[in-house]
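One is the number of the first residue; the rest follow in order along the sequence.
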Amino acid sequence: MTQEQLHPKRKLRLGAFIMATGHHIAAWRHPGSQADAGVNIDHYIELAQTAERGLFDQVFVADSPGIWHKGDRESFSRQGRLSHFEPVTLWAALSAVTKHIGFVATASTTYEDPYLLARKFASLDHISKGRAAWNVVTTSAENVHGNFGLEAHPDPATRYERAHEFVDVVKGLWDSFEDDAFSRDKASGVYFDPDKLHELNHIGKFLKVKGPLNIERPPQGYPVIVQAGSSEDGKELAAATAEAIFTAWTSLEEAQAFYKDVKGRLAKYGRRPEQLLVLPGISPVIGRTEEEAKAKWAELQGLIHPSVGLATLAQFWPGEDLSKWDLDARPPYIPEPPKGINSRAHVVLELARREKYTVRQLYEYLAGARGHWVVVGTPSQIADRIQEWFENGAADGFNIMPPVLPASLNEFVDLVVPELQKRGLFRTAYEGTTLRENLGLERPASRYAEPQARAA
């Protein structure tokens, strides 16, 4: 074996975080965007194929079982993200026009049924030939419960407690059939071995699920488990269950502290640090020169209507009439994060304190990527920042959040990926055929496998 095979260099992981028209809140107005992107399958085909051309590990869409909006009627009328595909359905379609890239679909442990969810994701993993991933969310939006006949939205502690049980049930359902249960022997007429089919018979605090699932074990064993919460409960759920965690930080020091914290929690669950990939979000505004990049950013910021900008702040100042605030003064006060709001509130309010932003500056920053890291510069400058975080204990890779789609994803693939490859940080070809193989993650054994097989 070569030295590279014996001691492979750690490689950067890249995901494309797709927000229909782009992550900038005014992207749908930009000439480089597709205004009807949320329900335009040709648009998503182009994005998935572009990300695959760039050798990305995965594409990801956030999702909620309700409408995304907080604000008044004026800002509501100007939102460009109201209509969008359900992600598992979308990824099933896109798996037919791609070969390598993985698909991360968001699904809620609070508002979905575990049997139906397990079946959907097992189907997606088979359809895509082993390229599915589940982004486990508990749903923080409080305007969703009415869609499901509930009187109130469960509190965070209850949601996360249910999530631990829910993920375990789904994994148990994926194990319904052992890997070699199906012989499909035409000569003997034996289709499968009933001794290798298992009922779950789960009875827990929140869930009662008999099983078994009516589809064989997914090609990856389990679709890759992803988690996106950075709260205390979120970090604990990730340490117990996740294989990748999406997170949002705006400084190297904060990202390093999070990375060390979440990796340090794995041992108590019998896991190793390399079994959880930490992937912060970065929204790159790319220009061939600094001046070009800054001009692109200024153009986007100029498309923000003030009512839309203020609506991005509403959740952090609950009960306030923000329309009365002076946009070019600092916020009158910066509160402690409101109860029930997820960890994003901590990031945003700390940013406001640290940078001493005016109201306009704060919403302009959030307009880019909702508190994720926005980097404006040349391909080399953006690669510098990615390399710094990757090599200094802050990230195993990044979720790339293009501000305008499809334009910004094309720029990243054409200009930044070659720079990362030149530095030896990123692959020049896919390593495997499944998402797990490309991410360097082990295929989990069935809970019903022999002990030696589970340990392998």
### Task
Would you please say whether a donor-acceptor pair under 3.5 Å links the side chains of Ser176 and Trp174?
no

### Task
Determine whether the side chains of Gln301 and Tyr365 contain a donor N or O and an acceptor N or O closer than 3.5 Å.
no

### Task
List for me each residue that meets salt bridge (Lys or Arg N to Asp or Glu O under 4.0 Å) alongside Lys196, sequence neighbours excluded, and say none if there are none.
Asp180

### Task
Please say which of Lys263, Arg13, Lys11 ends up in a side chain to side chain donor-acceptor pair (under 3.5 Å) with Asp396.
Lys263

#### Entry: Pi-cation contact, Tyr448 with Arg217 (under 6.0 Å, within 45°)
no

### Backbone of Ala20 reached by a side-chain donor or acceptor of His43 within 3.5 Å
yes

### Query
Is there a side-chain contact between Ile386 and Leu12 (heavy atoms, below 4.5 Å)?
yes

### Query
So, Thr50 versus Glu46: side-chain donor-acceptor pair below 3.5 Å or not?
no

## Note on the structure
Taken to the nearest 0.5 Å, the spacing of His24 NE2 from Leu303 CG works out to 7.5 Å

### Query
For Thr138, does its backbone N or O pair with a side-chain atom of Thr110 as donor and acceptor, under 3.5 Å?
yes

#### Entry: Any donor-acceptor N/O pair, Lys296 side chain to Ile286 backbone, under 3.5 Å
yes

### Task
Would you mind checking if Arg265 and Glu236 are paired as a salt bridge, meaning a charged N to carboxylate O distance below 4.0 Å?
yes

#### Entry: Lys120 and Glu112 ion-paired at < 4.0 Å
yes

### Query
Of the options Arg271, Gln275, Gln227, which is the one that meets Glu243 in a side-chain contact (heavy atoms from CB on, under 4.5 Å)?
Arg271

#### Entry: Arg423 and Glu391 ion-paired at < 4.0 Å
no

### From Tyr259 atom OH to Leu276 atom CG, the distance as rounded to the nearest 0.5 Å
9.0 Å

#### Entry: Donor-acceptor contact present, side-chain Glu437 to main-chain Thr433, <3.5 Å
yes

#### Entry: Exceeds 12 heavy-atom contacts within 6.0 angstrom, atom CZ of Arg427
yes

### Task
Check the surroundings of atom NZ in Lys268: do more than 12 heavy atoms from other residues, nucleotides or ligands lie under 6.0 Å from it?
yes

#### Entry: Donor + acceptor pair across side chains of His153, Arg159 (<3.5 Å)
yes

#### Entry: side-chain hydrogen bond (donor to acceptor under 3.5 Å, both in side chains) contacts touching residues 93-103 (sequence neighbours left out)
Thr98-Arg131

#### Entry: Sequence-distant partners of Tyr363, side chain to side chain donor-acceptor pair (under 3.5 Å), two or more places apart
none

### Query
Does any donor atom in the side chain of His126 or Glu216 lie under 3.5 Å from an acceptor atom in the other side chain?
no

### Task
For the pair Glu388 and Arg385, find out whether any cationic side-chain nitrogen is under 4.0 Å from an anionic carboxylate oxygen.
yes

### Task
Verify whether one side chain among Asp175 and Tyr222 offers a donor that lies under 3.5 Å from an acceptor in the other.
yes

### Task
Without swapping roles, check the side chain of Gln256 against the backbone of Asn392 for a donor-acceptor pair under 3.5 Å.
yes

### Query
Does Arg436 pair with Asp57 as a salt bridge, N-O distance under 4.0 Å?
no

### Query
With side chains defined as the heavy atoms from C-beta onward, is the minimum distance between Phe60 and Ile18 less than 4.5 Å?
no

### Message
Using modelled atom types and a 3.5 Å cut-off, is there a donor and acceptor pairing between side-chain atoms of Trp91 and backbone atoms of Val104?
### Response
yes

### Query
Judged by modelled atom types alone, do Asp414 and Asn410 share a side-chain donor-acceptor pair under 3.5 Å?
no

### Query
Going by atom types only, do Glu161 and Thr158 share a side-chain donor-acceptor pair under 3.5 Å?
no

